[in-house]
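Take a look at the structure set out below.
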Amino acid sequence: MEIWKSFVSLFAAANLLNVCLWTTGFTLFAIEYFQPMRGVAYSLGLGLIGASFVTHMIYGTAGEAFWFIFLTCVLMIAVHMVSLATQKRDWLKVARLARAGERSGKYDSLVGSIGVANTPIDLIGNVTVNDVNLVVFSERPIGVGENVRIVKVTPDKIIVEAAPTEEQQ
């Protein structure tokens with residue numbers, strides 16, 4: 001028997017439901033490797049693949065189900081190997097950290113600048129510094145219209161403190 005005919009006979013018992021369950025499940029399984037979702041896609045994918053196996057057992061033979069499981073496992077290992085080879089598992093986290101580093105580099109020049117609070121700052125607020133509106137963080141409350149000084153820029157926030165006005169100096 002030719003290899004193509006044996007491959008076709010292996011999946012002859014597969015119906016549309018079986019194919020849809022397996023395809024959706026395997027896609028969700030693969031998505032979890034390249035865009036982590038805290039195991040949600042992984043769990044749903046494995047559940048759908050399991051349902052696909054059950055429907056294949058109902059409509060096919062045990063031998064067909066074995067080969068179906070075997071080929072699925074080989075494909076799952078292949079997805080895992082591609083994930084390891086390309087090291088894509090944490091690409092979103094790395095991209096966020098890189099963007100945060102770029103942002104802190106962009107605003108580093110503002111350290112020491114004086115601005116005016118546009119909103120009350122109670123942990124978080126809005127200020128204008130050099131005609132630029134910024135969302136900032138302060139440990140102490142600052143009222144609207146008060147002068148603020150940018151003290152520090154970290155990858156995730158711009159930290160300010162109240163600055164004395166010229167009258168107070």
Side-chain angles (χ1 to χ4, degrees), residues 16-55 69 71-169:
L16 184 60
L17 173 66
N18 194 358
V19 171
C20 288
L21 286 172
W22 186 86
T23 305
T24 306
F26 191 77
T27 302
L28 288 171
F29 175 84
I31 285 172
E32 183 70 35
Y33 272 93
F34 296 100
Q35 187 167 353
M37 293 184 234
R38 300 179 188 237
V40 173
Y42 180 77
S43 300
L44 287 173
L46 288 179
L48 290 172
I49 290 171
S52 172
F53 293 151
V54 169
T55 60
I69 291 170
L71 289 175
T72 301
C73 289
V74 167
L75 288 173
M76 286 179 172
I77 290 170
V79 166
H80 183 70
M81 294 306 229
V82 168
S83 163
L84 289 175
T86 59
Q87 298 178 355
K88 293 285 188 182
R89 191 137 171 84
D90 292 328
W91 70 275
L92 286 178
K93 182 170 45 174
V94 171
R96 276 192 299 247
L97 289 174
R99 281 196 307 270
E102 291 170 9
R103 182 173 52 241
S104 69
K106 185 165 105 175
Y107 294 112
D108 277 343
S109 63
L110 293 177
V111 173
S113 298
I114 304 288
V116 178
N118 298 330
T119 62
I121 303 172
D122 190 14
L123 288 180
I124 295 176
N126 189 324
V127 301
T128 300
V129 177
N130 301 336
D131 295 327
V132 176
N133 289 324
L134 300 170
V135 175
V136 296
F137 174 83
S138 175
E139 292 180 358
R140 293 188 178 85
I142 299 173
V144 177
E146 289 186 40
N147 287 343
V148 296
R149 174 180 292 119
I150 296 179
V151 180
K152 183 177 177 182
V153 177
T154 66
D156 59 341
K157 58 188 162 193
I158 299 171
I159 301 171
V160 298
E161 64 182 18
T165 59
E166 292 176 10
E167 301 161 357
Q168 294 174 341
Q169 291 179 350

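One-based numbering along the sequence shown.
Put simply, the side chain of Leu46 reaches to within 4.5 Å of the side chain of Met76, judged on heavy atoms. Using a 4.5 Å heavy-atom threshold, the side chains of Phe137 and Ile158 count as separate. Side-chain contact between Val153 and Leu110: absent, with no pair of heavy atoms (C-beta onward) separated by less than 4.5 Å.
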Leu134 vs Ile150, side chain to side chain contact (heavy atoms under 4.5 Å, CB included): CA-CA, chis, key distance, verdict: CA-CA 11 Å; Leu134 300 170; Ile150 296 179; 4.1 Å; yes

Stepwise, does the side chain to side chain contact (heavy atoms under 4.5 Å, CB included) test hold for Trp22 with Thr55? CA-CA 10 Å; Trp22 186 86; Thr55 60; over 6 Å; no

Yes or no on side chain to side chain donor-acceptor pair (under 3.5 Å) for Asn118 and Thr128, after CA distance, side-chain angles and deciding distance? CA-CA 7 Å; Asn118 298 330; Thr128 300; 2.7 Å; yes

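Screening Ile114, Val136, Val116, Ile142 against Val148 for a side-chain contact (heavy atoms from CB on, under 4.5 Å) leaves a single residue, Ile142.
Legend: residues meeting side-chain hydrogen bond (donor to acceptor under 3.5 Å, both in side chains) with Ser113, ordered by chain and number and at least two apart, are absent.
Considering all non-hydrogen atoms of both residues, Gly143 and Ala117 come closest at O-CB, 3.4 Å. Closest non-hydrogen pair, Leu28 versus Gly45, comes out as CB-CA, 3.8 Å. Taking both residues in full, the closest heavy atoms of Pro164 and Arg149 are given as CD-NH1, 4.4 Å, listed atom of the first, atom of the second, then distance.
Considering CG of Leu44 and OG1 of Thr27, their distance stands at 12.5 Å, rounded to 0.5 Å. To the nearest 0.5 Å, the span separating CD1 on Ile121 from OG1 on Thr119 amounts to 6.0 Å. The distance from atom CD1 of Ile49 to atom OG1 of Thr24, rounded to the nearest 0.5 Å, is 10.0 Å.
Around atom OH of Tyr42, no more than 12 heavy atoms belonging to other residues, nucleotides or ligands sit under 6.0 Å away.
Using a distance-only test at 3.5 Å, with no hydrogens or angles considered, no donor-acceptor pair links the side chain of Ser52 to the main chain of Leu48. Formation of a donor-acceptor pair under 3.5 Å by the Thr154 side chain with backbone atoms of Lys157 is found in this model.
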